[in-house]
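Down below is the structure, laid out as structure tokens.
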Amino acid sequence: MTSEQRYRLRRRIPLLSYLKQQGWKPAAYSESDEVCGLCPLHRDSRPSFYVNRRKDVFYCHGCGQGGDVIRLAQLLHGLSFRAALATLDDGQEQAGAKRLWSDACEFYRHQLRYSLEAQLYLRSRGIEDPEIVKRMGIGYAPGGCLRAYLNDLGYPRAGMAASGLIDAQGRDRLWRAIAFPIAETASMYGRHTDPADGRHRFLARPKGGLYGWDRAKCCETVIVVEGLFDLASLWQAGFTNAVALLGSHFNPRQRAQLCDGRERTVYLCLDADENGSGPRAARWWSQRLEQSGLRLLPVELPVGYDPNRFFAEGGSAAQFSRYLEEAGR
């Protein structure tokens, strides 16, 4: 690596930003260009690690180590010079992909505020609480304009295609769809507002764990539903202990979340499809997960209903609570 290449890499990856990505927190900022904190390279009891923001280098007065961001990556992870470069480049690529996804989510949220069609569709599905819309980051993908927006922000065509939000022809993967961000995997779920366009659309990503698990994991009872509209309806009705599977099957991560050793009751409220597939899946999962020590209770809604339809057509929280009580008998 030439000195010019090394300089360009350091400009792309500021040392202080990299440290913060690794979980390092400054203890104090001085009036000069220096920031100090505990050293990440050895057991430190008082701040001895200094970062010069202007020169973009570090030095620890405790262990005597110093250098630039490349040297820090070598020392932190025990890497060779070449491996540290590769790690830094990979990290930058992942951070760039995350920023692109985040900017796309913000674009969709902005579009929802100005689309009467999308707002009317949400109301038709019973989702009217602005706090729920904000909490879930719900947006609207009108189609045909995301690429231009991301291009104006400076994202390359290859990065847009790699994100899955833009197809090989440069067209929006989502169009005329309510968009739900899935932060854990930087993914997106779209529900078309016009049935002629189809119904569901996911990006090619793993679905991750249970959506909403961070809020529900400390609860003694958890309600498991299939979709994000179901979840939005339950949260809106006050059932904040609800989580979404994003389908009717648990993946290993979702099973591990439920089977974390805590004693809890799990209500499986899957769609009551007319063909009986939802209730069958609920019973099958009850038998499978029962061995883990959980108390699993399939909830039986009226045939043809899911939680979203139940609330959208006027069902109340008290009525839904009765279905939960019946599941426990």
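Just the heavy atoms: all of them, side chains too, but no hydrogens, waters or symmetry mates, feed the values below.
The closest side-chain heavy-atom distance from Leu324 to Val299 is below 4.5 Å. Side chains of Phe311 and Phe239 form a contact here, defined as non-hydrogen atoms less than 4.5 Å apart. Inter-residue side-chain proximity for Glu220 and Glu263 is flagged as unmet; no heavy-atom pair is nearer than 4.5 Å. Looking only at side-chain heavy atoms (C-beta outward), Val225 and Asp271 stay at 4.5 Å or farther from each other. Counting heavy atoms from C-beta outward, Val266 and Arg295 have side chains that stay 4.5 Å or more apart. Two residues are said to be in side-chain contact when any heavy atoms from C-beta on lie closer than 4.5 Å; Asp194 and Trp175 fail this criterion. Side-chain contact check for Asp68 versus Asp56: every heavy-atom pair is 4.5 Å or farther apart. Counting heavy atoms from C-beta on, the side chains of Leu228 and Met136 come closer than 4.5 Å.
Atom-to-atom distance recorded for Ser45:OG and Leu38:CG is 8.0 Å, nearest 0.5 angstrom. Between the CG atom of Asp167 and the CZ atom of Arg173 there is a distance of 5.0 Å, given to the nearest 0.5 Å. Taken from CG in Asn308 to CG in Leu231, the straight-line distance is 10.5 Å, to the nearest 0.5 Å. Atom CG of residue Leu116 and atom CZ of residue Arg123 lie 7.0 Å apart, to the nearest 0.5 angstrom. From Tyr267, atom OH reaches atom CG of Asn241 across 9.0 Å, with rounding to the nearest 0.5 Å. Here Ser163 contributes atom OG and Asp103 contributes atom CG; the two are 11.0 Å apart, rounded to the nearest 0.5 Å.
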Original post:
Can you check side chain to side chain contact (heavy atoms under 4.5 Å, CB included) on Tyr18 and Gln21, steps first, answer last?
Top reply: CA-CA 5 Å; Tyr18 179 72; Gln21 288 173 11; 4.1 Å; yes

**OP:** Apply the test side chain to side chain contact (heavy atoms under 4.5 Å, CB included) to residues Tyr155 and Asn151: give CA-CA distance (whole Å), side-chain angles for both, the deciding distance (0.1 Å), then the verdict.
**Re:** CA-CA 5 Å; Tyr155 290 106; Asn151 187 67; over 6 Å; no

**OP:** Please step through salt bridge (Lys or Arg N to Asp or Glu O under 4.0 Å) for the pair Arg264 and Asp260, ending with a clear verdict.
**Re:** CA-CA 10 Å; Arg264 61 169 60 92; Asp260 60 359; 2.9 Å; yes

Original post:
Which is it for Tyr323 and Phe310 under the ring-ring contact (aromatic ring centres under 6.0 Å, His included) test, yes or no, and what are the steps along the way?
Top reply: CA-CA 11 Å; Tyr323 284 112; Phe310 173 81; 5.7 Å; yes

**OP:** Begin with the C-alpha distance, continue with both residues' side-chain angles, and end with the deciding distance and a verdict on side chain to side chain contact (heavy atoms under 4.5 Å, CB included) for Tyr211 and Glu184.
**Re:** CA-CA 9 Å; Tyr211 188 107; Glu184 183 181 346; over 6 Å; no

Subject >> side chain to side chain contact (heavy atoms under 4.5 Å, CB included) between Asp172 and Leu165, intermediate numbers included >> reply: CA-CA 6 Å; Asp172 294 12; Leu165 290 162; over 6 Å; no

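Under the 3.5 Å distance criterion, the side-chain polar atoms of Arg53 are matched with a main-chain donor or acceptor of Asp33. A distance-only check finds a donor-acceptor pair linking the side chain of Arg262 to the backbone of Cys218 [under 3.5 Å]. In this structure, Lys207 contributes its side chain and Leu245 its backbone to a donor-acceptor pair below 3.5 Å. Under a 3.5 Å cut-off, the side chain of Glu34 and the backbone N or O of Asn52 do not form any donor-acceptor pair. Remark: side-chain polar atoms of Gln74 are not paired, donor with acceptor, to backbone N or O of Ala83 under 3.5 angstrom. Judged purely by atom type and a 3.5 angstrom limit, Gln111 has no side-chain atom pairing as donor or acceptor with the backbone of Pro142. Counting only distance, with no hydrogens or angles, the side chain of Gln257 and the backbone of Leu210 share a donor-acceptor pair below 3.5 Å. No donor-acceptor pair under 3.5 Å is formed between the side chain of Thr265 and the backbone N or O of Thr221. No donor-acceptor pair closer than 3.5 Å links the side chain of Gln236 to the backbone N or O of Ile132.
Here the closest heavy-atom approach between residue Gln169 and residue Arg147 is recorded as O-NH1, 4.3 Å. Across all their heavy atoms, Ser233 and Pro307 have their closest contact at CB-O, 4.2 Å. When all heavy atoms of Val222 and Ala216 are compared, the pair lying nearest together is CG2-O, 3.9 Å. Between Ile138 and Leu112, the closest heavy-atom pair is O-CD2, 3.4 Å. Taking both residues in full, the closest heavy atoms of Leu294 and Cys259 are given as CD1-SG, 3.9 Å, listed atom of the first, atom of the second, then distance. Closest non-hydrogen pair, Asn251 versus Gln254, comes out as OD1-N, 2.8 Å.
Under a cut-off of 6.0 angstrom, the local environment of CD in Gln65 is crowded, with over 12 non-hydrogen atoms contributed by other residues, nucleotides or ligands. The environment of Lys98 atom NZ is dense: over 12 non-hydrogen atoms of other residues, nucleotides or ligands sit within 6.0 angstrom. Atom CD of Glu313 is surrounded by more than 12 heavy atoms from other residues, nucleotides or ligands within 6.0 Å.
For Trp24 and Phe49, the gap between ring centers is short of 6.0 Å. For Phe202 and Tyr189, the distance between ring centers is under 6.0 angstrom. The distance between the ring centers of Tyr121 and Tyr140 does not fall below 6.0 angstrom.
Neither side chain, Tyr50 nor His61, offers a donor N or O lying under 3.5 Å from an acceptor on the other. There is a side-chain donor-acceptor pair under 3.5 Å between Thr193 and Glu117.
One hydrophobic cluster, built from ILVMFWY side chains closer than 4.5 Å, holds both Leu203 and Leu100. Tracing side-chain contacts under 4.5 Å through hydrophobic residues (I, L, V, M, F, W, Y), one never reaches Ile223 starting from Val243; they form parts of separate clusters.
In this structure, Phe180 and Phe229 have perpendicular ring planes: the angle between them is above 60°, well past the 30° mark.
Under a 4.0 Å N-O distance rule, the pair Glu106/Arg109 qualifies as a salt bridge.
Both the sub-6.0 Å distance and the 45° axial angle are not jointly satisfied by Arg205 relative to the ring of Trp101. Phe250 does not carry Arg255 over the face of its six-membered ring by the limits of under 6.0 Å from the centre and within 45° of the normal.
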